[in-house]
K.L.:
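Okay, handing you the structure first.
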Number of protein chains: 4
Amino acid sequence: MSNELLAARVGALEAMFTRANFLAHLGATIRFDDQYRSIVTLPHKPELEHAMRGVHGGVLATLIDAAAWCAAAVHYPSWIATVEFDVRLLEPVVGEDLVAVGRLVRAGKRIAVAETEVRTAAGRLVAVGGATLSTTRMPFD
Amino acid sequence: MSNELLAARVGALEAMFTRANFLAHLGATIRFDDQYRSIVTLPHKPELEHAMRGVHGGVLATLIDAAAWCAAAVHYPSWIATVEFDVRLLEPVVGEDLVAVGRLVRAGKRIAVAETEVRTAAGRLVAVGGATLSTTRMPFD
Amino acid sequence: MSNELLAARVGALEAMFTRANFLAHLGATIRFDDQYRSIVTLPHKPELEHAMRGVHGGVLATLIDAAAWCAAAVHYPSWIATVEFDVRLLEPVVGEDLVAVGRLVRAGKRIAVAETEVRTAAGRLVAVGGATLSTTRMPFD
Amino acid sequence: MSNELLAARVGALEAMFTRANFLAHLGATIRFDDQYRSIVTLPHKPELEHAMRGVHGGVLATLIDAAAWCAAAVHYPSWIATVEFDVRLLEPVVGEDLVAVGRLVRAGKRIAVAETEVRTAAGRLVAVGGATLSTTRMPFD
């Protein structure tokens, strides 16, 4: 994609994200950096915790999925669907805001791969993961 | 574990789950069947959707993590921590209630493995995944 | 697929497998059972071991990939390509023959998912894993 | 670990690798760079191919497992065991030599995580993956 098209996609994805109920519901926001990496920010709140007061693995998985999806989606003109993703939980998170950075690994014609690192606001690496995405013909937005 | 201890663990886990903020916040409930498989039920609500109105992959990941964790935790006297898990998304889910069933694959001294199938209330298989869990010495209160 | 087509595919895949250099080189053989599950058998030999004399994780990964691939491929008329797979190693294997059984989880138009269990000849479960496969238009054989 | 201990571990692991039957059998060799990343090199040979003449996914999985294992093992005084690993196959490999580079992500007391990138000798990225390793008390001889 040209840089102009990429910039247009960044705007469309950032706008779409505010309509993405689950992520908005969790309190996450998204932006892209100048290398088209996605940056998903999630302020802490008690609703994100598991029974032992750490942040639930499902929250970290959601950040990994969302950031990887965005990092890939920005390179395609139509909708992409997550096929699979994985999550490695490195350290507990207690009461800290989180920042997930997604990075494209490969944008194929039919399959894309992206990876995400999740850190606390202080920069501590707490989870890593990757995703496989499938292109579709479904128009985007 | 003896069947008596397992039954006691079922009760403790079912009670704990109601204190698990993230899952309670999503609206999930848990029980175990008579083979100590975990059954996590999640009624649909619009907050669980992504921008294209399907259920967000992070929701399915949360169900896979939670059901696998419970299916393993019931076999241990102290806390277990999720080390990693993965999610394969088979079909979109639109507006349907979900049921995740977790099944123990192996309960080792230090590492456990469990797998989860997620179906719609109508029985359609929509996601599969597995998890690796690590035992800890943290008391399970 | 009709049962006749499936039976024809079984024959084609069993024949192809003998030309699959890496698997033939390891000493693996393949067949299908009457539910079209793939069964990959690997007799032990010292070349399969790691430095501590257990069977190398790469060997178990190869069985998981091969059995999952076959369990999916039998349902498609043209070539399928492995997109990703994972491996959970449950117990060490020392000097034992191995049998991997692959099972189709979902055969979509573009994406298939299959899972594999690897057991010793004595029936001990030693590894589990799954795979995502992508359909192609490349003719098969 | 101190740099001296790390250097000693590099030597021990490089020596051990020549005794690792499966990898030696495939023709792989290992070394470490000055950041203690593992570098596993595998010259092409026809025995590594699948039926369509590409390098078999099991070979790429073996490189990912081996490089991740080495990148983690160099940081521990005793044996570590691979718990699980995954493989994302990005592009076919036909007749090319391969180089896998493993990088430590986290070295915990009981669990380590490492990631591997596999490239052709010409630098083309063909597969990525990660692994979870568990520490043991088994002496590393």
Side-chain angles (χ1 to χ4, degrees), chain A residues 12-13 15-26 28 40 45-70 73 79-92 127-134 136 138-141, chain B residues 12-13 15-26 28 40 45-70 73 79-92 127-134 136 138-141:
Chain A
L13 282 166
M16 189 195 77
F17 213 83
T18 64
R19 306 193 317 259
N21 284 9
F22 186 56
L23 287 155
H25 184 62
L26 297 186
V40 182
K45 56 183 181 180
E47 289 84 351
L48 306 177
E49 297 173 354
H50 58 52
M52 297 295 259
R53 298 288 76 91
V55 168
H56 196 283
V59 173
L60 293 154
T62 300
L63 294 177
I64 284 172
D65 177 21
W69 186 89
C70 288
W79 183 259
I80 63 172
T82 304
V83 170
E84 60 85 29
F85 61 103
D86 69 353
V87 179
R88 290 189 178 95
L89 302 170
L90 306 177
E91 300 188 5
V128 294
T132 301
L133 304 307
S134 174
T136 77
M138 196 163 19
F140 181 85
D141 111 346
Chain B
L13 283 166
M16 190 195 76
F17 213 82
T18 65
R19 307 194 316 261
N21 284 8
F22 187 55
L23 287 155
H25 183 62
L26 297 185
V40 182
K45 57 181 181 180
E47 290 84 349
L48 305 178
E49 295 172 354
H50 59 52
M52 297 294 260
R53 297 288 75 91
V55 169
H56 196 283
V59 173
L60 292 153
T62 300
L63 293 178
I64 284 171
D65 177 20
W69 186 89
C70 287
W79 184 257
I80 64 172
T82 305
V83 169
E84 60 84 30
F85 61 103
D86 69 352
V87 179
R88 290 189 178 95
L89 302 171
L90 306 176
E91 301 189 3
V128 293
T132 302
L133 304 306
S134 174
T136 76
M138 197 162 19
F140 181 87
D141 79 316

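Proteins come first, then strands; the chains are lettered A, B, ... in the order of their sequence lines, and each starts at number 1. Everything numeric here is computed off the predicted structure, so don't read it as measured data.
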K.L.:
Under a 4.5 Å heavy-atom cutoff, which of A131(B), G54(B), P92(B), G58(B) has the most pairs with chain A?
P.N.:
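Among A131(B), G54(B), P92(B), G58(B), the one with the most close pairs to chain A is G58(B).
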K.L.:
As an exercise, state the distance from NE2 of H56(A) to CG of L26(B), rounded to the nearest 0.5 Å.
P.N.:
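Going from NE2 on H56(A) over to CG on L26(B), the span is 8.0 Å.
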K.L.:
Mind checking salt bridge (charged side-chain N to carboxylate O under 4.0 Å, His left out) for E91(B) and listing every partner two or more places apart, or none if nothing turns up?
P.N.:
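E91(B) satisfies salt bridge (charged side-chain N to carboxylate O under 4.0 Å, His left out) with R124(B), R106(C) only.
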K.L.:
Supply the atom-to-atom distance M52(A) CE to M16(B) CE, rounded to the nearest 0.5 angstrom.
P.N.:
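These two atoms lie 8.0 Å from each other.
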K.L.:
Relative to the ring of F22(A), is the ring of F22(B) parallel (under 30°), tilted (30 to 60°) or perpendicular (over 60°)?
P.N.:
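Tilted.
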K.L.:
If you count heavy-atom pairs within less than 4.5 Å of chain B, which of R53(A), E47(A), K45(A) leads?
P.N.:
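Most heavy-atom pairs within the cutoff with chain B belong to E47(A).
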K.L.:
Identify which of L63(B), L90(B), V59(B) forms the greatest number of heavy-atom pairs closer than 4.5 Å to chain A.
P.N.:
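The candidate making the most pairs under 4.5 Å is V59(B).
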K.L.:
So, N21(B) side chain and E49(A) main chain: donor-acceptor pair closer than 3.5 Å or not?
P.N.:
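Answer holds: no.
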K.L.:
So, for G57(A) and F85(B), which heavy atoms are closest and what is the spacing to 0.1 Å?
P.N.:
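Between these two residues, the closest heavy atoms are O-CZ, 3.7 Å.
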K.L.:
Distance from H50(B) atom NE2 to D65(A) atom CG, nearest 0.5 Å?
P.N.:
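If I round to the nearest 0.5 Å, the distance is 9.0 Å.
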K.L.:
Sort V55(A) into side chain, backbone, both or neither according to what part of it lies under 4.5 angstrom from a heavy atom of chain B.
P.N.:
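The answer is neither part of V55(A).
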K.L.:
Looking at T132(A), I64(A), V87(A), L89(A), which makes the most heavy-atom pairs under 4.5 Å with chain B?
P.N.:
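The option with the most such pairs is V87(A).
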K.L.:
Between W69(B) and chain A, with a heavy-atom cut-off of 4.5 Å, which part of the residue counts as in contact: side chain, backbone, both or neither?
P.N.:
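For W69(B), neither part sits under 4.5 Å from chain A.
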